[in-house]
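Worth knowing before you read on, the calculation uses all heavy atoms, side chains too, and leaves out hydrogens, waters and symmetry mates. On a predicted model such as this, the values are computed, not experimentally measured, just so you know. By convention in this document, chain letters (A, B, ...) are assigned in the order of the sequence lines, proteins followed by strands, and residues within each chain are numbered from 1.
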Number of protein chains: 2
Amino acid sequence: MERYKDLGLKLTPQRLAILDYLDGNKSHPSAEDIYRSISRRFPTMSFATVYNTLEALKRNRWILELTIDPARKRFDPNTKPHHHLICVRCKSIVDLHQDYRVDIPKEKRNGFELIGNHIEFYGVCPKCKTLKEVMKMAVFKCSKCGATKEGRCKPQKCPKCGEKRTMQKS
Amino acid sequence: MERYKDLGLKLTPQRLAILDYLDGNKSHPSAEDIYRSISRRFPTMSFATVYNTLEALKRNRWILELTIDPARKRFDPNTKPHHHLICVRCKSIVDLHQDYRVDIPKEKRNGFELIGNHIEFYGVCPKCKTLKEVMKMAVFKCSKCGATKEGRCKPQKCPKCGEKRTMQKS
DNA sequence: TATCATATTAGAATAATTCTTGTCAAGAAA
DNA sequence: TTTCTTGACAAGAATTATTCTAATATGATA
């Protein structure tokens, strides 16, 4: 496979399989996702091989490691600067290609030498939105402190400031 | 302590200690940071107590859990929307209060119902910048693919695309 | 074809985090 | 003030995602 000639790593069948899995992949998979998929065709493949390969690809900047999901490392084969849409329910991550000018006034840089930035947009994906509507949930917002709370019924008391009768449908 | 009257949780001496530690804290500490600090005054305090309390505070939206550091959970007592400056070397996180208008064109929202956003600015903090200068490191950038590489000497070959003699000082 | 340096393997080990359960104690109720 | 309820604490054990280990395999080079 000519395309991976510049990989900077030994090309093994296992690595080719991982690279093929990642090629064009936009689901930002975890090591387990990759392992489950590939181990069907490579029954003797070790979990450590997947981790080692991902670590090597990260080191050589062929993929990005995302820390968005606290439960596990996720990986992004798209190394070009871009942003993400993140579903707060199912934790799915969607690429967003949009340029934003987000400069920081010099006095607010705290002496940092800036390299880049990454914007995370939080929300609910279409699938979870549909599910939520089915479950008839709503978001309530406190008119005193601004805290939000999701639920079927309007909370009597704000979970943040404790004030009563301040929650309004958002 | 009147101020925590609205906490929504039982107030125990251990929890007061954790809340006092977090009050005004801008270092985005991990559970271990908190435990190490507080266990000096509460020698019998359990690690589980710290985790349990942080989880309860998060659940009641008194603090935010950050996933920026892949090695451990970090916590932010500042729950108001803000952004972060993140040092790629020492992983320190600094609050940035600056409003940005970062809208997404409707056709790029992938059907998401948006709630909020968070911008992460990556760079090198003043402390690490000083250290780096002492170590005389430079950043080299490939004129072909744009990949960057840090080091004392100019790489002969780009670690990303493999082209020779394309690395220029950034 | 031979050689060598790196990769694979199948666990074991690590370490951050969560769980367990008997006992404690904060705070509500009487 | 006392009593009672229910959530919190403690001190591990357990979980689990990730990394490490060392013998063997193998990709790439000479």
Side-chain angles (χ1 to χ4, degrees), chain A residues 1-19 21 28-60 62-63 65-75 91 157 159 162, chain B residues 1-19 21 28-60 62-63 65-75 91 157 159 162:
Chain A
M1 199 93 36
E2 202 80 347
R3 65 199 293 191
Y4 297 121
K5 204 164 60 96
D6 309 323
L7 190 59
L9 299 169
K10 272 187 180 181
L11 264 182
T12 64
Q14 295 86 349
R15 285 181 173 176
L16 279 172
I18 293 168
L19 287 161
Y21 178 94
H28 309 84
S30 65
E32 190 186 5
D33 294 331
I34 298 169
Y35 176 79
R36 282 169 177 272
S37 174
I38 292 174
S39 62
R40 289 189 195 111
R41 284 193 289 118
F42 288 82
T44 64
M45 176 173 266
S46 161
F47 226 127
T49 298
V50 178
Y51 273 104
N52 286 336
T53 298
L54 292 172
E55 187 61 33
L57 290 173
K58 184 185 87 175
R59 199 185 310 126
N60 280 31
W62 279 78
I63 60 175
E65 177 181 311
L66 304 179
T67 61
I68 293 167
D69 190 335
R72 55 188 56 74
K73 285 183 177 180
R74 304 273 291 267
F75 296 90
K91 308 291 181 188
K157 179 168 92 165
Chain B
M1 199 101 22
E2 204 81 346
R3 66 198 292 190
Y4 298 121
K5 207 162 57 91
D6 309 323
L7 189 61
L9 300 169
K10 275 186 174 179
L11 264 182
T12 63
Q14 296 86 347
R15 284 182 173 176
L16 279 172
I18 291 168
L19 286 161
Y21 177 94
H28 310 84
S30 64
E32 190 185 6
D33 293 330
I34 297 168
Y35 176 78
R36 281 169 179 271
S37 175
I38 292 174
S39 63
R40 289 190 194 110
R41 285 192 289 120
F42 289 82
T44 63
M45 176 172 266
S46 160
F47 227 127
T49 298
V50 177
Y51 273 104
N52 286 336
T53 298
L54 292 171
E55 186 62 31
L57 290 172
K58 183 186 89 178
R59 199 185 309 126
N60 279 31
W62 280 77
I63 61 176
E65 176 181 310
L66 303 179
T67 61
I68 293 166
D69 189 335
R72 54 189 56 76
K73 287 181 176 180
R74 306 272 292 268
F75 295 90
K91 308 294 182 187
K157 179 168 91 167

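- Two residues are said to be in side-chain contact when any heavy atoms from C-beta on lie closer than 4.5 Å; A/V50 and A/I38 fail this criterion.
- Contact annotation for A/P70: no contact, since no heavy-atom pair falls under 4.0 Å across all strands.
- When the side-chain nitrogen and oxygen atoms of B/K10 are compared with OP1 and OP2 of D/dT5, none of them lie within a distance under 4.0 Å.
- With a 4.5 Å cut-off on side-chain heavy atoms, B/L19 and B/L57 count as touching.
- For the contact set between residues 44-56 of chain B and DNA chain C, defined by any heavy atom under 4.0 Å, the members are B/A48, B/Y51.
- Between A/F42 atom CZ and A/Q14 atom CD the span is 6.0 Å, to the nearest 0.5 Å.
- Within 4.0 Å (heavy atoms only), B/A31 reaches no atom of the nucleic acid at all.
- For the pair B/T12 and D/dG7, the criterion of a side-chain N or O lying under 4.0 Å from OP1 or OP2 is not met.
- Atom-to-atom, CG of A/D69 to P of D/dT16 comes out at 16 Å; the value is rounded to the nearest Å.
- For the pair B/N60 CG and D/dA8 C1', the interatomic distance rounds to 15 Å; values are reported in whole Å.
- OP1 or OP2 of D/dA10 lies within a sub-4.0 Å distance of a side-chain N or O belonging to B/Q14.
- Neither OP1 nor OP2 of D/dT18 sits under 4.0 Å from any side-chain N or O of A/R72.
- When the P atom of C/dA16 is taken as reference, atom CD1 of B/I34 falls 14 Å away, rounded to whole Å.
- Salt-bridge check for A/K91 with A/D69: failed, with every basic side-chain N at 4.0 Å or more from each acidic carboxylate O.
- Separating the CG atom of B/L66 from the C1' atom of C/dA16 is a distance of 16 Å, rounded to the nearest angstrom.
- For B/N52 and B/T49, the side-chain atoms include no donor-acceptor pair closer than 3.5 Å.
- Between A/R59 atom CZ and D/dT19 atom P the separation is 11 Å, expressed in whole Å.
- Rounded to whole Å, atom C1' of D/dG12 lies 12 Å from atom OH of B/Y35.
- Across the interface with DNA chain D, nearest-nucleotide mapping of A/L9 and B/F42 shows B/F42 to be the residue nearer the 5′ end.
- Put simply, A/K58 has no side-chain N or O that comes within less than 4.0 Å of OP1 or OP2 on D/dT18.
- Protein atom NZ of A/K73 is 13 Å distant from nucleotide atom P of C/dA16, rounded to whole Å.
- Judged by distance alone, with hydrogens and angles left aside, the side-chain atoms of B/T67 form a donor-acceptor pair with the main-chain N or O of A/T67 at under 3.5 Å.
- Look at CG on B/L11: it is 17 Å from C1' on C/dC24, rounded to the nearest Å.
- In this structure, the separation between CZ on A/R15 and OG1 on A/T53 is 4.5 Å, given to the nearest 0.5 Å.
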